[in-house]
K.L.:
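Can you keep this structure in mind? I'll have questions shortly.
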Amino acid sequence: MQRLNKSFFERPTLEVSKDLLGKILKVGKCSGRINEVEAYIGQNDPACHAARGKTERNKIMFGPAGHLYVYFTYGMYHCANIVTEADGFPAAVLIRSIEPLEGKELMKKRRGKKDNLCDGPGKLCIALGMTKESHNGLKAEVFDDNFAPGKIKSSPRIGIKVGIDKKWRFFY
DNA sequence: GTCCCGATTCTA
DNA sequence: AGAATCGGGACT
(Lines give C-alpha, C1' and ligand atoms only; values in the text may rest on other atoms or scores of the structure.)
Protein backbone atom coordinates (compact mmCIF):
# COMPACT_ATOMS: atom_id res chain seq x y z
CA MET A 1 0.00 0.00 0.00
CA GLN A 2 1.69 3.15 -1.21
CA ARG A 3 0.27 6.59 -0.65
CA LEU A 4 0.04 8.74 -3.76
CA ASN A 5 1.98 11.97 -3.39
CA LYS A 6 1.74 15.38 -4.96
CA SER A 7 3.65 14.36 -8.10
CA PHE A 8 0.90 11.86 -8.94
CA PHE A 9 -1.74 14.59 -8.96
CA GLU A 10 0.42 17.30 -10.49
CA ARG A 11 -0.05 15.93 -14.03
CA PRO A 12 -2.55 16.42 -16.89
CA THR A 13 -6.02 15.94 -15.39
CA LEU A 14 -7.20 13.35 -17.92
CA GLU A 15 -4.21 11.15 -17.05
CA VAL A 16 -4.77 11.54 -13.33
CA SER A 17 -8.48 10.79 -13.79
CA LYS A 18 -7.86 7.46 -15.48
CA ASP A 19 -5.02 6.56 -13.12
CA LEU A 20 -7.23 7.18 -10.09
CA LEU A 21 -9.56 4.35 -11.10
CA GLY A 22 -8.89 1.36 -8.88
CA LYS A 23 -7.06 3.41 -6.24
CA ILE A 24 -8.22 3.58 -2.62
CA LEU A 25 -9.62 6.79 -1.14
CA LYS A 26 -9.34 6.97 2.64
CA VAL A 27 -11.27 9.43 4.81
CA GLY A 28 -11.03 8.93 8.54
CA LYS A 29 -11.82 5.32 9.39
CA CYS A 30 -13.54 4.68 6.07
CA SER A 31 -12.12 3.80 2.68
CA GLY A 32 -13.26 2.67 -0.73
CA ARG A 33 -12.00 1.83 -4.18
CA ILE A 34 -12.56 4.57 -6.77
CA ASN A 35 -14.55 3.28 -9.73
CA GLU A 36 -16.01 6.40 -11.34
CA VAL A 37 -14.56 9.90 -11.80
CA GLU A 38 -14.95 13.03 -13.91
CA ALA A 39 -12.39 15.62 -15.01
CA TYR A 40 -12.96 19.39 -14.77
CA ILE A 41 -10.17 21.27 -16.45
CA GLY A 42 -9.36 24.95 -16.43
CA GLN A 43 -11.02 28.12 -17.60
CA ASN A 44 -11.76 26.83 -21.10
CA ASP A 45 -13.97 24.05 -19.73
CA PRO A 46 -17.43 25.68 -19.41
CA ALA A 47 -18.57 23.04 -16.91
CA CYS A 48 -15.64 23.70 -14.57
CA HIS A 49 -16.42 25.81 -11.51
CA ALA A 50 -13.33 27.85 -12.33
CA ALA A 51 -14.50 28.66 -15.87
CA ARG A 52 -15.16 32.28 -14.88
CA GLY A 53 -12.17 32.83 -12.68
CA LYS A 54 -11.28 32.40 -9.03
CA THR A 55 -13.98 32.85 -6.39
CA GLU A 56 -14.26 32.16 -2.69
CA ARG A 57 -15.85 28.77 -3.44
CA ASN A 58 -13.46 27.46 -6.09
CA LYS A 59 -10.16 28.92 -4.87
CA ILE A 60 -8.92 25.51 -3.71
CA MET A 61 -8.92 24.39 -7.36
CA PHE A 62 -6.27 27.00 -8.05
CA GLY A 63 -4.05 25.69 -5.27
CA PRO A 64 -1.61 22.79 -4.99
CA ALA A 65 -2.43 19.38 -6.45
CA GLY A 66 -3.54 16.56 -4.19
CA HIS A 67 -5.85 18.64 -2.00
CA LEU A 68 -9.59 18.09 -1.57
CA TYR A 69 -12.04 20.52 -3.16
CA VAL A 70 -15.35 19.89 -1.42
CA TYR A 71 -18.36 22.04 -2.26
CA PHE A 72 -22.03 22.24 -1.27
CA THR A 73 -24.72 21.94 -3.94
CA TYR A 74 -28.47 21.57 -4.47
CA GLY A 75 -29.02 22.92 -0.97
CA MET A 76 -28.30 19.56 0.62
CA TYR A 77 -25.37 17.66 -0.83
CA HIS A 78 -21.62 17.87 -0.99
CA CYS A 79 -19.31 16.76 -3.82
CA ALA A 80 -15.62 15.92 -3.43
CA ASN A 81 -12.81 16.50 -5.92
CA ILE A 82 -9.06 16.09 -5.85
CA VAL A 83 -7.10 19.05 -7.24
CA THR A 84 -4.75 18.38 -10.15
CA GLU A 85 -2.09 20.10 -12.27
CA ALA A 86 0.30 22.90 -11.36
CA ASP A 87 -0.34 25.56 -8.73
CA GLY A 88 -2.38 28.35 -10.27
CA PHE A 89 -4.04 26.14 -12.89
CA PRO A 90 -7.63 25.34 -11.80
CA ALA A 91 -8.47 21.68 -12.41
CA ALA A 92 -9.73 18.73 -10.40
CA VAL A 93 -11.11 15.22 -10.55
CA LEU A 94 -14.63 14.70 -9.19
CA ILE A 95 -14.95 11.42 -7.31
CA ARG A 96 -18.34 10.09 -8.44
CA SER A 97 -18.36 6.60 -6.98
CA ILE A 98 -16.34 4.27 -4.79
CA GLU A 99 -16.71 0.65 -3.70
CA PRO A 100 -16.79 0.57 0.13
CA LEU A 101 -13.88 -1.29 1.77
CA GLU A 102 -13.20 -0.23 5.36
CA GLY A 103 -15.72 1.27 7.77
CA LYS A 104 -18.86 -0.08 6.12
CA GLU A 105 -20.80 -0.11 9.37
CA LEU A 106 -20.10 3.58 9.91
CA MET A 107 -21.07 4.29 6.32
CA LYS A 108 -24.36 2.44 6.76
CA LYS A 109 -25.06 4.41 9.91
CA ARG A 110 -24.34 7.74 8.21
CA ARG A 111 -26.39 6.87 5.13
CA GLY A 112 -29.21 5.25 7.04
CA LYS A 113 -29.17 2.41 4.53
CA LYS A 114 -27.28 -0.82 4.00
CA ASP A 115 -26.89 -0.68 0.23
CA ASN A 116 -25.86 1.88 -2.38
CA LEU A 117 -23.64 3.54 0.20
CA CYS A 118 -21.17 5.31 -2.10
CA ASP A 119 -22.47 5.06 -5.68
CA GLY A 120 -22.83 8.77 -6.34
CA PRO A 121 -20.90 11.96 -5.57
CA GLY A 122 -23.40 13.14 -2.96
CA LYS A 123 -23.81 9.73 -1.42
CA LEU A 124 -20.11 9.06 -0.93
CA CYS A 125 -19.64 12.39 0.82
CA ILE A 126 -22.37 11.43 3.28
CA ALA A 127 -20.94 7.93 3.78
CA LEU A 128 -17.40 9.23 4.30
CA GLY A 129 -18.51 12.16 6.44
CA MET A 130 -17.10 14.80 4.10
CA THR A 131 -18.36 18.39 4.16
CA LYS A 132 -16.80 21.61 2.95
CA GLU A 133 -16.53 22.79 6.53
CA SER A 134 -14.52 19.75 7.63
CA HIS A 135 -12.59 18.70 4.53
CA ASN A 136 -12.29 21.44 1.90
CA GLY A 137 -8.61 22.18 1.33
CA LEU A 138 -7.24 19.18 3.24
CA LYS A 139 -4.75 16.82 1.61
CA ALA A 140 -6.42 13.81 0.02
CA GLU A 141 -5.39 10.36 1.23
CA VAL A 142 -5.24 8.03 -1.76
CA PHE A 143 -3.47 4.68 -1.82
CA ASP A 144 -2.31 2.24 -4.47
CA ASP A 145 -2.61 -1.44 -3.57
CA ASN A 146 -1.67 -2.62 -7.06
CA PHE A 147 -5.25 -3.41 -7.93
CA ALA A 148 -5.68 -3.48 -11.71
CA PRO A 149 -9.06 -2.15 -12.88
CA GLY A 150 -10.76 -3.69 -15.88
CA LYS A 151 -11.19 -1.96 -19.21
CA ILE A 152 -11.64 1.79 -18.66
CA LYS A 153 -14.67 3.32 -20.36
CA SER A 154 -15.57 6.96 -20.90
CA SER A 155 -18.67 9.08 -21.56
CA PRO A 156 -19.84 12.68 -21.31
CA ARG A 157 -20.01 14.02 -17.78
CA ILE A 158 -23.24 13.64 -15.78
CA GLY A 159 -25.60 16.38 -14.63
CA ILE A 160 -24.18 19.30 -16.59
CA LYS A 161 -25.64 21.34 -19.45
CA VAL A 162 -22.46 22.70 -20.98
CA GLY A 163 -19.31 20.93 -22.02
CA ILE A 164 -21.24 17.76 -22.85
CA ASP A 165 -19.15 17.39 -26.02
CA LYS A 166 -16.23 16.22 -23.90
CA LYS A 167 -16.12 12.58 -22.79
CA TRP A 168 -14.43 13.25 -19.49
CA ARG A 169 -16.29 10.76 -17.29
CA PHE A 170 -14.24 7.62 -16.68
CA PHE A 171 -15.29 4.34 -15.08
CA TYR A 172 -14.71 0.62 -15.30
C1' DG B 1 -29.80 43.22 -2.65
C1' DT B 2 -32.23 40.09 -5.73
C1' DC B 3 -32.87 36.17 -8.52
C1' DC B 4 -31.92 31.86 -10.84
C1' DC B 5 -30.15 27.49 -10.75
C1' DG B 6 -27.10 23.74 -9.76
C1' DA B 7 -20.80 18.43 -11.02
C1' DT B 8 -27.79 15.28 -6.68
C1' DT B 9 -30.81 12.07 -4.62
C1' DC B 10 -35.09 10.04 -3.38
C1' DT B 11 -39.87 9.14 -4.10
C1' DA B 12 -43.91 8.38 -7.04
C1' DA C 1 -41.49 13.36 -13.62
C1' DG C 2 -41.05 16.31 -9.41
C1' DA C 3 -39.74 17.73 -4.98
C1' DA C 4 -36.39 18.94 -1.51
C1' DT C 5 -33.56 23.02 -0.16
C1' DC C 6 -30.02 26.91 0.03
C1' DG C 7 -25.58 29.06 -1.19
C1' DG C 8 -22.94 30.96 -5.02
C1' DG C 9 -22.42 34.03 -8.53
C1' DA C 10 -24.29 36.97 -12.17
C1' DC C 11 -26.46 41.14 -12.66
C1' DT C 12 -31.37 43.86 -12.97
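Computed over heavy atoms, backbone and side chain alike; hydrogens, waters and symmetry mates excluded. Just so it is clear, the structure is predicted and the values come from calculations on it, not from any experiment. Naming: A, B, ... by sequence-line order, numbering from 1 per chain.
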K.L.:
Identify whether the distance between the nearest side-chain nitrogen and carboxylate oxygen of Arg3(A) and Asp144(A) falls below 4.0 Å.
P.N.:
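No.
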K.L.:
Please confirm whether the backbone N or O of Ala51(A) pairs with a side-chain atom of Asp45(A), one donor and one acceptor, at under 3.5 Å?
P.N.:
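The answer is no, because no donor-acceptor pair under 3.5 Å joins these two groups.
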K.L.:
Tell me if a side-chain donor or acceptor on Arg111(A) pairs with a main-chain N or O of Asn116(A) at a distance below 3.5 Å.
P.N.:
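Yes.
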K.L.:
Taking heavy atoms of chain A and a 4.0 Å limit, find me the 5'-most and 3'-most nucleotide of DNA chain B within that range.
P.N.:
dG6(B) to dC10(B)
K.L.:
Look at all strands and tell whether Leu94(A) reaches a base, only sugar-phosphate, or nothing, counting heavy atoms closer than 4.0 Å.
P.N.:
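Base contact - Leu94(A) has a heavy atom under 4.0 Å of at least one base atom.
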K.L.:
How does DNA chain B look in dot-bracket form if you count Watson-Crick and G-U pairs under 3.5 Å, write [ ] for pairs that cross, and put | where a base pairs with another strand?
P.N.:
||||||.||||.
K.L.:
Is there a donor-acceptor contact under 3.5 Å from the side chain of Asn81(A) to the main chain of Tyr69(A)?
P.N.:
yes
K.L.:
Using a heavy-atom cut-off of 4.0 Å across all strands, would you classify Gly75(A) as base, sugar-phosphate, or nothing?
P.N.:
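Contact class for Gly75(A): base.
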K.L.:
Which comes earlier along DNA chain C counting from the 5' end, the contact point of Tyr77(A) or that of Thr55(A), where each point is its nearest nucleotide?
P.N.:
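Looking at the nearest nucleotide for each, Tyr77(A) comes out on the 5' side.
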K.L.:
Atom CZ of Phe72(A) to atom C1' of dG9(C): distance rounded to whole Å?
P.N.:
16 Å
K.L.:
If you take any heavy atom closer than 4.0 Å to DNA chain B, which residues from residues 22-46 of chain A end up in contact?
P.N.:
Tyr40(A)
K.L.:
Are any side-chain N or O atoms of Arg157(A) and backbone N or O atoms of Ala39(A), one a donor and one an acceptor, separated by less than 3.5 Å?
P.N.:
yes
K.L.:
Has the side chain of Asn58(A) got a donor or acceptor atom that lies under 3.5 Å from a matching backbone atom of Thr55(A)?
P.N.:
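Checked: pair present.
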K.L.:
What is the distance, to the nearest angstrom, from the OH atom on Tyr74(A) to the C1' atom on dG2(C)?
P.N.:
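After rounding, the reported distance stands at 14 Å.
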K.L.:
State plainly whether the residues Glu36(A) and Arg96(A) are in salt-bridge range, i.e. N to O under 4.0 Å.
P.N.:
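Yes, Glu36(A) and Arg96(A) are salt-bridged.
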K.L.:
Without decimals, in angstroms, what is the distance between Lys123(A) NZ and dA4(C) C1'?
P.N.:
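The answer, rounded to whole Å, is 16 Å.
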K.L.:
How many whole angstroms separate atom CE of Met76(A) from atom P of dG8(C)?
P.N.:
16 Å
K.L.:
For this output row, return yes or no: ring centroids of Tyr71(A) and His49(A) closer than 6.0 angstrom.
P.N.:
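Between His49(A) and Tyr71(A), which both carry aromatic rings, the centre distance is below 6.0 Å.
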K.L.:
In whole Å, what is the span from the CZ atom of Arg52(A) to the C1' atom of dC11(C)?
P.N.:
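Result: 12 Å.
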K.L.:
Main chain of Asp19(A), side chain of Lys23(A): is a donor-acceptor contact present, judged purely on distance under 3.5 Å?
P.N.:
yes
K.L.:
Between Asp115(A) and Lys108(A), does at least one N-O distance fall below 4.0 Å, as a salt bridge requires?
P.N.:
no
K.L.:
Look at Arg57(A) and dG9(C) and indicate whether a side-chain polar atom (N or O) is within less than 4.0 Å of OP1 or OP2.
P.N.:
yes
K.L.:
Check for a donor-acceptor pair, side chain of Gln2(A) on one end and backbone N or O of Phe143(A) on the other, with a separation under 3.5 Å.
P.N.:
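Pair absent, no side-chain N/O of Gln2(A) close to backbone of Phe143(A).
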K.L.:
Using a heavy-atom cut-off of 4.0 Å across all strands, would you classify Arg111(A) as base, sugar-phosphate, or nothing?
P.N.:
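Result for Arg111(A) = sugar-phosphate.
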K.L.:
If I pick the C1' atom on dC5(B) and the same atom on dG2(C), what distance separates them, to the nearest angstrom?
P.N.:
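Approximately 16 Å lies between the C1' atom of dG2(C) and that of dC5(B).
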